[in-house]
Structure formats: C-alpha cells, structure tokens
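Some notes on the structure that comes next.
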Amino acid sequence: MERSVVEKERISKLNAAPVRERGKYVLYWMQASVRALRNPALEYAVERANDADVPVLVVFGLFEKYPEASERHFAFLLECISDAGKQLEERGIEFVLVHQVPTTVVKALAADAVSVVTDRGYLRLLREWRSQVATEIDCRMVQIEGDVVVPVQLVSDKEETAARTIRPKIHKYMPKFLHPLERVTPKNTTGKAGMLASTLATLKEFELLDWRDPLAVLAKLDVDRSVPRVTWITGGATHAEAMLADFLKHKLKDFAANRNEPAQDFGSNMSPYLHYGGISVVHLVMEALKHKTSASKEGVDSFIEELVVRRELSMNLVFYNPHYDAYACIPNYARITLDEHRHDEREPTYTLQELEAGVTYDECWNACQREMVVRGKMHGYMRMYWAKKIIEWTSSPEEAYERCLLLNNRWELDGRDPNGYAGVAWSFGKHDQGWAERAIFGKVRYMNKQGLHRKFKMELYVNKIDKL
Ligand code: FAD
C-alpha cells in the first residue's frame, strides 16, 4: 500500500485493475463527502496524482432521478457542491459538475485516468454504484471512508444489538482517528498542467453544469418541486462552520440538559451537513473536545454520544442489515409483540394524506409534522414521538413503518440517511429493549402526550411552530 496521510483502515481497493501508466489525471469521484476541506478521499487522490505527476480531476455526477430526492434536497446539495467547487478551485484542483448518473460519467472519465478514488457511502444504491463502476473500469479504483470517526468494519464485523454493545468498541478505537487531516499540496494544479475540462473529448458528450450558480442549476433540473427548498439553512462547509461556531459558543455546554426540550433549539443542526458529507465528523468531535471543561463536560460527552455512538450505530445497521429500510429489520421480540397486537383497536386511524397535512387531534403532533414540512427539520426529541404516534394511528405496523420512512425521507432535509433508517427502526423497537406490555405497541416502547406535557413546555413549542 502506498504512503498516505489517510489511515490505512479507511482505504480499500475496490478492484484488482492496475494503475494506468499513461493516464491524464487521477479521478476523484466525489459523491458522499461533498467537501474540499478535511476530506480524506480528496487528500488521497492528491497523493496519488502527485505520485503519477498528473493533476486531480474531481467529478460529481448529478442524478436528478435520485430516489426520493426533491427540490429541497437538491438545493442544499447544490449549495454544498458550489462551496466545495470554490475551495477546490482555490487549491488549483479542477472540478466538474455533470448532469448525468454518476456511474456513466465516472466510467467514461476513467478511460483517461491513472486511477479512480471515491468516498464511501453505506446505503444500497451508493454501494451498488461503486461496485458496478469498479468492475467495469480497467484502472484501479480505491474507496476512502471519510464520514465516520471509526471505520465501520473496524468497529465491528456484525450487526450490533444496541448502543450499549457498540459504545465500548467505538471508544476503544476513537482516539486513533481523532487528529487533523494533513493537507497535501497538488504538484500539478490545473493551470500548470494546462488540463482544462474543456479539452477533454470525453466530457464533450456530457452536459456540464455551472456549479458556481446553484440556483440556476436547480431551475434546470426536472425534480419534485412539491417539497420546496428551505432558506433558513444553507449548504456547504462555510455555512456549516458558521453554524458550528454558534453551537460551540452558545449551546454545547448545556446540550445535555436542553437538547430534548422541543421549544428550545439546542441541536447543532449538523445533520443536513453530515448527510451530504459537507462537514467532517472527525473535525466536529475535535472541535467539541476543544471546548471540554469541567463545566461543559456533560454537554460535550452527550454531543459525542449522539454524533459518534448513535450515528455510527446507524452506519453499522445499514451496512450489516440488508433490510435496513424495511419492517423486516426490526428485532424478533418487536415483530412478535406487534403481531400479537395487530388486531387491537386503533382509535382514531388517519390516512397518509391526513398525517401529511398534520390534521390529527393532537396539536403537539401536528406541530412537529408542520415543523418538518415547512422547515425541513423536526426537533430531535419530537421525531421519536412523531413515529410512535404513526404506529398508534395506522391500521398495521407494516404500513406504519412505510409511512414513517416515506414522510421522513420526503420532508426532512437530512432524510434518506442511515440515521433516518435507524431512527424509524428504533421507534419500532430496534436498538431498544422490551417494556411493559400495552395495547397496539405490545412490548415496544410507548410515548404519550401527557409525558410530553409533563417534561416539556409544549405550549411554547406549539406556538413557535404556529408562527412558521
Ligand atoms: P444534534 O442533537 O446536534 O446531534 C448531533 C448529531 O448527532 C446529529 O447531527 C446526528 O448526526 C447525530 N444524532 C443525533 N441524534 C441521533 C440519533 N437519535 N440517532 C443517530 N444519530 C443521531 N437523523 C438524520 O440525520 N436523518 C434522519 O432522517 C433522521 N430521522 C429520524 C427519524 C426518527 C423517527 C428518529 C427517532 C430520529 C431520526 N434522526 C435522523 C436522528 C436525530 O433525530 C437527528 O439526527 C437529529 O435530530 C439531527 O439534528 P441535529 O443535527 O441538530 O442533532
């Protein structure tokens, strides 16, 4: 294995093809880690390009038919892409945004590449795309895992049962991966090498999009516009850093105490950035640790628990469980108990349209549904309550499961993420334990409105959402 600033556990060769001797560039297929800063796949690509004395070409294939993606998702993604493009340009690294399914454009560009480097995605389609490209190209393809602290297969070689089983494994390896990623200077910048995308015959077959102008690109796309873009948050590492700075300064210290209070906005809001790989999770942990004092210890520990243990448990689920996006992924105890209670009376039941419109009898539930639809990000605590109520108001648990995934993935800016699949599964008993048996839920944990009112200032939350 070549020398690298990237830890060897993050590097995996996806095919046995050789490095091409006379390639024009090292191709970095950017897809899961949409950032130019603290991106191990990018640094690895620069190293390999320097070895071969060629430049790096970074490509992003924009596939407008990506499952369940809407205007809301594409707007944020394009902002991340634009930010990454600008930072790549500053380093003299050429970036092209191509209006095409990535597999097609990457296979075409691989014909002139020394080798192909890509980042790692865990969801089925992302894995399938990578293995398809790796088997069909005739130069080396290497994958770099850059969006978890501890590489998933190092943490565990099997699906973990719960946070308590994965936590010690993650903490054992975490220190090894918590260090700044060295930046590698490209020997051949675009200017020096004189290689412009416009000179590549292969790219002439494709439609190039202007990554500098996300709104113009968005206007061109044939996407679902019934889920409109949101403007309270902007994609890209620059905006993520600003939001992070605010969180570290004003919220982290009291994160443990306040994060669950729905009326307070004590979350970091990092989930949309993490979903698109717009910020490095290693960097987030290191920044949080810099703020660790005796007064903020609880807040920092709690943030790291969510950000690393919970999030990487989700990665473990989607990597090891082929049914991660289906009812079949819930544990036996939950399936059995929900089955035993499938004929329990449900009063009322709602149609999917009624749920989507947020017109139930429960003002707290309607508020969080509205928060998701209007703002594209539901409060973290309310997400649990939201899914539990869908179980209660739907005629079968299987249908409730489908509804949770559908609504979550459609409206949440951070939807279609391993955390979303794990969050829905958790609501149906995954990564949890059995509780006292009751109607409809059986032994699966139950939540009710009285509990919300007892613990939190729900009127404040409902009023706040009313004003959105
Ligand atoms: P913070 O509270 O600031 O936490 C920091 C980070 O820790 C988050 O960005 C996230 O990456 C991670 N994290 C926090 N809570 C969890 C958790 N319970 N499980 C795993 N990781 C967590 N998260 C998504 O990213 N996308 C989803 O689609 C999604 N859907 C969910 C659906 C349900 C039914 C449930 C119960 C949870 C879901 N979550 C989802 C997990 C969690 O609610 C969100 O990650 C969190 O609310 C995001 O806000 P934040 O970035 O401000 O989080």
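For this chain, numbers begin at 1 and follow the sequence in order. Just follow the structure's listing: the first ligand is 1, and inside any ligand the first atom is 1.
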Ionic contact status for [Y] with [X], cut-off 4.0 Å:
X    : Y    : result
E306 : R259 : yes
R410 : E356 : yes
R403 : E399 : yes

Donor on one side chain, acceptor on other, Q31 and R130, under 3.5 Å: yes
Judged by modelled atom types alone, do Y28 and D119 share a side-chain donor-acceptor pair under 3.5 Å? yes
At under 4.0 Å between heavy atoms, which part of E412 makes contact with ligand 1: side chain, backbone, both or neither? neither
Backbone, side chain, both or neither: what part of R259 comes under 4.0 angstrom of ligand 1, heavy atoms only? neither
Extract all donor-acceptor atom pairs below 3.5 Å that involve side chains of residues 440-447 and protein atoms in other chains or at least two apart in sequence.
from : atom 1 : to   : atom 2 : distance (Å)
R445 : NE     : D432 : OD2    : 2.8
R445 : NH2    : D432 : OD1    : 3.0
R445 : NH2    : D432 : OD2    : 3.4

Give the atom numbers and elements of ligand 1 that come within less than 4.0 Å of a heavy atom of [X].
X    : value
L274 : 9 (O), 11 (O)
G415 : 28 (O)
G267 : 3 (O), 52 (O)
N408 : 27 (C), 28 (O), 30 (N), 31 (C), 32 (C)
N269 : 50 (P), 51 (O), 52 (O)
M270 : 9 (O), 51 (O)
R310 : 19 (N), 20 (C), 21 (N)

I'd like to check [X] versus [Y] (side-chain heavy atoms, cut-off strictly below 4.5 Å). Are they in contact?
X    : Y    : result
T231 : R229 : yes
V142 : L14  : no
L274 : D147 : no

How far is [atom] from its nearest protein heavy atom, and which residue and atom name does that atom have?
atom                    : answer
atom 45 (O) of ligand 1 : N419 ND2, 3.9 Å
atom 47 (O) of ligand 1 : G380 CA, 3.3 Å
atom 49 (O) of ligand 1 : K377 NZ, 3.0 Å
atom 6 (C) of ligand 1  : L307 CD1, 3.9 Å
atom 29 (C) of ligand 1 : R383 NH1, 3.1 Å
atom 48 (C) of ligand 1 : S271 OG, 3.2 Å
atom 2 (O) of ligand 1  : F255 CZ, 3.3 Å
atom 15 (N) of ligand 1 : E306 OE1, 3.1 Å

Check residues 461-468 and write down every donor-acceptor pair under 3.5 Å in which the side-chain atom is one partner and the other belongs to a residue at least two apart or another chain.
from : atom 1 : to   : atom 2 : distance (Å)
Y461 : OH     : E371 : OE1    : 2.5
N463 : ND2    : E459 : O      : 3.3
K464 : NZ     : A263 : O      : 3.3

Do F76 and Y276 have their ring centres less than 6.0 Å from each other? yes
Any nitrogen or oxygen of [X] lying under 3.5 Å from a nitrogen or oxygen in ligand 1? Just yes or no.
X    : answer
D414 : yes
W426 : no
S268 : yes

Heavy atom of [X] under 4.0 Å from ligand 1?
X    : result
S427 : yes
F303 : yes
M384 : yes
H379 : no
Y381 : no

Hey, does the Lys NZ or Arg CZ of [X] hover above the aromatic six-ring of [Y], less than 6.0 Å from the centre and inside 45° of the axis?
X    : Y    : result
R416 : Y421 : no
R124 : Y324 : yes
K388 : W435 : no

Could you walk me through whether F255 and F247 pass the ring-ring contact (aromatic ring centres under 6.0 Å, His included) test, one step at a time? CA-CA 9 Å; F255 181 78; F247 172 75; 5.7 Å; yes
